[in-house]
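The block underneath contains the structure these notes are about, expressed in structure tokens.
Just so you know, these numbers use all the heavy atoms, side chains as well, and skip hydrogens, waters and symmetry mates. Naming convention: chains lettered A, B, ... in sequence-line order (proteins, then strands); numbering from 1 in each chain.
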Amino acid sequence: MPELPEVEGVVRQIRPVAIGKKIEDVYISDTIRLSKTGGREAILKKVEADSFIDKVKGSQITSVERRSKYIYFGLRKDSEFLLVNHLGMSGAWFYVGSLMSIPEEKFRKHVHVVLTLNDGNILAYSDIRRFGEMRVLNDEGDYPPLLLMAPEPFDENALQHFLDMSESPKYRNKPIKEVIMDGQVISGAGNIYATEALFSMKIHPNRAAHRISRKRRTELFKAVVDILLESIEAGGSTISDYRNINGESGGMQNRFAMYGKKQCMTCGSVTKTLKIGGRTSVYCPTCQK
DNA sequence: CATTCGGCCCGGAGGC
DNA sequence: TGCCTCCGGGCCGAA
């Protein structure tokens, strides 16, 4: 499940091969078309398949940026607009000569959007679970949730934002893990990195936000930033479906101290799990208080 | 009016 | 082998 570090890795790889290229053709899978016909909105949100093609085909890619867990493709055709993509649970981009060059069958058989570039290669979007999203927007304002996202965690105002939000009426009584994973409080940290940061700080995931001192919350925020940076460095985490645009897995999963562990690496206790904010949360009952 | 909760978009994995 | 259940990021609408 791609979180900030995985999306950052993808963006860093797509940027040099995509910027300045023209999108000569666009393909949408029959599966997605069928979903739209059936009144559902798998992947393509608020836009019909043919309308999506009309808008994107013939445009030039002017920028590729990450914002939280979203990828923003800056496109230009007559005027500037955005193609915004969220990878959901299992979204992956592949930059290849043809679909047959996508390394694994499970990704090949779930390709739903293909952008043919004028360099002879394609950017193919595969999404096994179809939890991903694509939107065509004039700007961020066309999709208001984007405007509500917390600052980038590496921005200088992100810490203050986190401290303020975690003390606000809406969040102060919530479990700290749920607060960390809320994209309006911290951008880009999901289950994996929230779990790791809380373990490194020895904080119980169910502790109410306001029951942690400001000083400790400041340290916790820094722990989140550190784990995100470490993961970017390691090429992201591959649990099952994350791959970079060359089909390679990340390396961060080998450095987890708590996520997915049956036993605490520090004290040997059997770990416990709890449902927090609807997500499975693993923690050490001995180390985390 | 604000918060909470279930639904939605799904295939794959694991249990029986 | 085949069916059932669970899982999940994030938004949305109903309660």
Side-chain angles (χ1 to χ4, degrees), chain A residues 1-8 10 28-49 52 66-72 84-92 104-113 125-135 137 140-150 153 165-166 168-175 177-195 205 208-210 224 228 231 236-243 253 259-260 262 273-282:
Chain A
M1 48 195 110
E3 300 181 27
L4 183 150
E6 293 75 36
V7 179
E8 178 67 21
V10 168
I28 305 292
S29 73
D30 289 345
T31 303
I32 297 306
R33 289 175 180 276
L34 198 61
S35 159
K36 302 291 286 186
T37 308
R40 282 161 290 132
E41 291 225 290
I43 300 178
L44 289 191
K45 306 297 183 186
K46 305 289 177 209
V47 61
E48 293 307 313
F52 179 89
R66 181 190 56 73
R67 176 72 178 93
S68 189
K69 300 179 193 173
Y70 289 87
I71 302 173
Y72 288 16
V84 175
N85 167 231
H86 192 293
L87 299 175
M89 295 296 298
S90 55
E104 296 165 76
E105 169 68 13
K106 67 173 179 173
F107 292 106
R108 275 199 300 278
K109 69 192 261 202
H110 295 287
V111 170
H112 293 303
V113 179
Y125 178 73
S126 168
D127 196 334
I128 298 169
R129 304 273 159 80
R130 292 181 234 165
F131 274 33
E133 293 182 13
M134 296 257 188
R135 296 171 193 274
L137 309 176
E140 285 184 310
D142 282 351
Y143 184 49
L146 298 178
L147 302 175
L148 297 175
M149 292 190 293
M165 292 289 268
S166 60
S168 72
K170 181 176 175 185
Y171 291 106
R172 53 176 282 114
N173 292 314
K174 287 186 190 284
K177 178 157 178 286
E178 193 175 335
V179 175
I180 293 171
M181 289 196 296
D182 190 312
Q184 295 187 23
V185 180
I186 298 180
S187 273
N191 204 357
I192 293 173
Y193 301 111
T195 295
H210 79 278
V224 172
L228 292 174
S231 180
S237 304
T238 295
I239 306 303
S240 59
D241 296 332
Y242 171 68
R243 300 290 185 279
Q253 65 281 2
Y259 186 86
K262 294 266 180 275
T273 60
L274 216 48
K275 275 272 192 230
I276 300 174
R279 309 290 172 227
T280 301
S281 305
V282 59

*Among the nucleotides B/dC9, C/dG10, C/dG8, which one has an atom lying closest to any side-chain atom of A/His86?*
C/dG10
_Distance in angstrom units between A/Ile276 CD1 and C/dG8 C1', rounded_ = 15 Å
*asked:* My understanding is that only one of A/Asn85, A/Ile28, A/Ile71 makes a side chain to side chain contact (heavy atoms under 4.5 Å, CB included) with A/Met134; could you say which?
replied: A/Asn85
_Output the rounded distance in Å from CD1 (A/Ile128) to C1' (C/dG9)._
16 Å
*Step by step, would you call A/Ile186 with A/Met165 a side chain to side chain contact (heavy atoms under 4.5 Å, CB included)?*
CA-CA 9 Å; A/Ile186 298 180; A/Met165 292 289 268; over 6 Å; no
*Closest heavy-atom contact between A/Leu44 and A/Ala49?*
CD1-CA, 3.7 Å
*asked:* Using whole Å, what does the distance between atom P of nucleotide B/dT4 and atom CZ of A/Arg279 come to?
replied: 15 Å
_Test: A/Lys45 and A/Glu133 ion pair at under 4.0 Å_ = no
*Which nucleotide, B/dG11, B/dT4, C/dC7, lies nearest any side-chain atom of A/Arg129?*
B/dG11
*Check the geometry between A/Phe131 and B/dC10 and answer yes if their rings are stacked (centres below 5.5 Å, planes below 30°), otherwise no.*
no
*asked:* If I take atom CG in residue A/Leu4 and atom P in nucleotide C/dG9, what distance separates them, rounded to the nearest angstrom?
replied: 14 Å
*asked:* A/Lys174: which residues meet the side-chain contact (heavy atoms from CB on, under 4.5 Å) condition with it, sequence neighbours left out?
replied: A/Tyr171, A/Glu178, A/Val179
_N or O in side chain of A/Lys69 less than 4.0 angstrom from C/dG10 OP1/OP2_ = yes
_Nucleotide C/dG9, atom C1' - distance to CE of A/Met181 in whole Å_ = 10 Å
*asked:* The side chain of A/Pro145 is closest to which nucleotide in this list: C/dC12, C/dG10, B/dC9?
replied: C/dC12
_If I take atom CD in residue A/Glu3 and atom P in nucleotide C/dG10, what distance separates them, rounded to the nearest angstrom?_
8 Å
_Looking only at the side chain of A/Lys275 (C-beta and beyond, no hydrogens), which of the listed nucleotides B/dG11, B/dC9, C/dC7 gets closest?_
C/dC7
*For the helix from B/dT3-C/dA15 to B/dC16-C/dG2, measure the angle between the helix axis at one end and the axis at the other, each built from five pairs, rounding to 10°.*
50°
*Closest nucleotide of DNA chain B for A/Pro169 versus for A/Thr31: which of these residues is on the 5' side?*
A/Pro169
*asked:* If you only use heavy atoms from C-beta on, which nucleotide in B/dC10, C/dC11, C/dG9 is closest to the side chain of A/Tyr70?
replied: C/dC11
*Which pair of non-hydrogen atoms, one from A/Asp241 and one from A/Arg129, has the smallest distance, and what is that distance?*
OD2-NH2, 4.2 Å
_Using a 4.0 Å heavy-atom cut-off, does A/Lys106 contact any base of the nucleic acid, only the sugar-phosphate backbone, or nothing at all?_
nothing
*Reckon A/Gly132 touches a base, only the sugar-phosphate, or nothing at all at heavy-atom distances under 4.0 Å?*
nothing
*A/Thr280 side chain: which of B/dC9, C/dG10, C/dC7 is closest?*
C/dC7
*So what does A/Tyr143 touch, heavy atoms closer than 4.0 Å: a base, only the sugar-phosphate, or nothing?*
sugar-phosphate
*Please report the closest heavy-atom contact between A/Pro175 and A/Pro205, naming both atoms and the distance.*
CB-O, 3.6 Å
*asked:* Mind checking if A/Lys174 touches a base, just sugar-phosphate, or nothing, with heavy atoms under 4.0 Å?
replied: sugar-phosphate
*Taking the side chain from A/Glu6 and the backbone from A/Tyr242, do they hold a donor-acceptor pair closer than 3.5 Å?*
no
_Gap between atoms CG and P, on A/Asp241 and C/dG9 respectively (whole Å)_ = 13 Å
*Nearest-nucleotide wise, let me know which of A/Lys45 and A/His110 is further upstream toward the 5' end of DNA chain B.*
A/Lys45
*Roughly how many Å is it from CG in A/Leu87 to P in C/dG10, rounded to a whole number?*
11 Å
*Within the structure, does a side-chain N or O atom of A/Ser35 lie under 4.0 Å from either OP1 or OP2 of B/dC10?*
yes
